[in-house]
Amino acid sequence: MQPRIPVAILAATGTVGQRFVQLLADHPWFEITALVGSERSAGKPYAEATQWRLDGELPPAFADMIVSPLTTDLPARIVFSALPHSVALELEPQYAQAGYAVSSNARAFRQTEHVPLLIPEVNADHLTMLPRQRQARGWPGLIVTSPNCTTTGVAMPLKPLDDAFGVEQVFVVSMQAISGAGYPGVASLDITDNIYPYISGEEEKMQPETRLLLGSMDSDRRIPHTLTASAHCNRVPVIDGHTSCISVGFKQRVSIEEATQVLQDFTSAPGVSQLPSALPNPIIVRPEPDRPQPRLDRDAKNGMAVSVGRLRTCNLLDLSMVSVVHNTLRGAASGAILNAELLVQQGYVE
Ligand code: NAP
């Protein structure tokens, strides 16, 4: 058996960081060798530094691990970043410069030239821009990024529909879980008995990120998709799981039966489906009239599947549907782990 690859988690104490710890505790390829925190946490045992908020116990092997400061001298080859935006902006390039492969959940470099914005089932070929990234920036390491959690639940079903029918317009109304705001997140008096119709910066990410994800590669250059997207993003009193009501306009006429078939038939490319965290069929099409729902569907296939349903004709565009994605799993930590698995498989982690 190959020795596991040593990995570090940056911002290991937060909402996404705890997911990384939970998911990587028994990962077949990766071994957690460093848990990294802010000045507040560094030097403390992990169990003391973090307020564990996930179902189940903090994995006992990490309770006593001393949280490291944000140094670039970590005993790891991959770093998973759940850093806040401003910290990621400054530090992720330093980790790439120091030779680490950075798999980031932060938005700092999602729209940066030569940095893949990646969902392996959607655009694994975008990793071919990495040699350009290293050459342009002189990094022995690299950065890949995961999309915004809401965009993930939209781009996944759009991918097979775009391949089959050509997506032109997308209109989205999201109902996003509280955990998407981190901990402690939204004040209870703002979210209880309420819908909060504003998430700073969220609507602005939907169009550019979706265009990049569905874009094509011309040699090592990324050509963004030309679709137009508009989003209304709302925070709702759900703990985990982002729901999106999506309407799509296509280049050609599409029947509901054809669209349903295309979504059901969507499979990961053979290389991707062999990765430890991948599913052969990452989209689940729910036939019931009242599914998907966040409480019932967010954990589908260990939180890695995107569930869609309520496919019907749209009077404004062509097709309407509902999607549910687990925001801290597929939309954050699990997605970033799958990205790192792809990096290893493709030989980008020396
Ligand atoms: P969170 O629960 O608020 O946790 C914040 C984390 O950032 C903590 O681990 C904290 O460490 C660390 N931190 C804060 N200030 C720091 C500093 N100055 N230097 C180093 N570390 C610092 O946030 P989260 O929800 O996990 O989000 C983390 C990142 O993931 C953000 O960039 C977010 O946009 C992205 N993201 C989140 C979700 C989601 O659903 N929550 C989904 C996709 C992407 P200490 O505890 O040690 O202070």
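Counting starts at 1 for both ligands and their atoms, in listed order.
- Between Arg330 and Glu121 there is a salt bridge, since a side-chain N of the basic residue sits under 4.0 Å from a carboxylate O of the acidic one.
- Residue Arg107 places no heavy atom under 4.0 Å from ligand 1.
- For atom 29 (C) of ligand 1, the closest non-hydrogen atom of the protein is Ala82 O, 3.3 Å.
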Inset, instruction - Decide side chain to side chain donor-acceptor pair (under 3.5 Å) for Glu341 and His27; before the verdict, give the C-alpha distance in whole Å, the side-chain angles of both, and the deciding distance to 0.1 Å. - result: CA-CA 11 Å; Glu341 291 169 0; His27 192 279; 2.6 Å; yes
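- At a 4.0 Å heavy-atom cut-off, ligand 1 touches Ser179 through the backbone alone.
- Residue-level proximity to ligand 1 for Val16 is carried by backbone and side chain together, each with a heavy atom below 4.0 angstrom.
- Qualifying side chain to side chain contact (heavy atoms under 4.5 Å, CB included) partners for Pro6, counting only residues two or more places apart in sequence or in other chains: Thr33, Arg77.
- Protein heavy atoms are found inside the 4.0 Å sphere centred on atom 39 (C) of ligand 1.
- A 4.5 Å side-chain heavy-atom check between Ser146 and Thr152 finds every atom pair outside the cut-off.
- For atom 18 (N) of ligand 1, the closest non-hydrogen atom of the protein is Val87 CG2, 3.7 Å.
- For the pair Asp220 and Arg132, the salt-bridge criterion is met [side-chain N within less than 4.0 Å of a carboxylate O].
- When non-hydrogen atoms are compared, ligand 1 lies under 4.0 Å from the side chain of Leu70 (C-beta onward) but not from its backbone.
- Nearest to atom 2 (O) of ligand 1 among the protein's heavy atoms is Thr15 OG1, 2.6 Å.
- Qualifying side chain to side chain contact (heavy atoms under 4.5 Å, CB included) partners for Asp125, counting only residues two or more places apart in sequence or in other chains: Asn123, Met217.
- Looking only at heavy atoms of the protein, atom 45 (P) of ligand 1 is closest to Thr13 OG1, 3.2 Å.
- For the residue pair Gln176 / Asn327, no side-chain donor-acceptor distance below 3.5 Å is found, with atom types taken as modelled.
- Among the atoms of Thr328, none of the N or O lies under 3.5 angstrom from an N or O of ligand 1.
- For atom 34 (O) of ligand 1, no protein non-hydrogen atom is found at a distance below 4.0 Å.
- If you take CG on Leu263 and CD1 on Ile284, they are separated by 12.5 Å, rounding to the nearest 0.5 Å.
- The shortest N or O to N or O distance between Arg110 and ligand 1 is not below 3.5 Å.
- The nearest heavy-atom contact from the protein to atom 25 (O) of ligand 1 is Gly182 CA, 3.1 Å.
- The closest non-hydrogen atom to atom 47 (O) of ligand 1, taken over Gly185, Gly17, Ser41, Ala12, comes from Ser41.
- A 4.5 Å side-chain heavy-atom check between Pro59 and Trp52 finds at least one atom pair inside the cut-off.
- Closest heavy-atom approach to atom 32 (O) of ligand 1 among the candidates Leu83, Leu35, Leu91, Asn105: Leu83.
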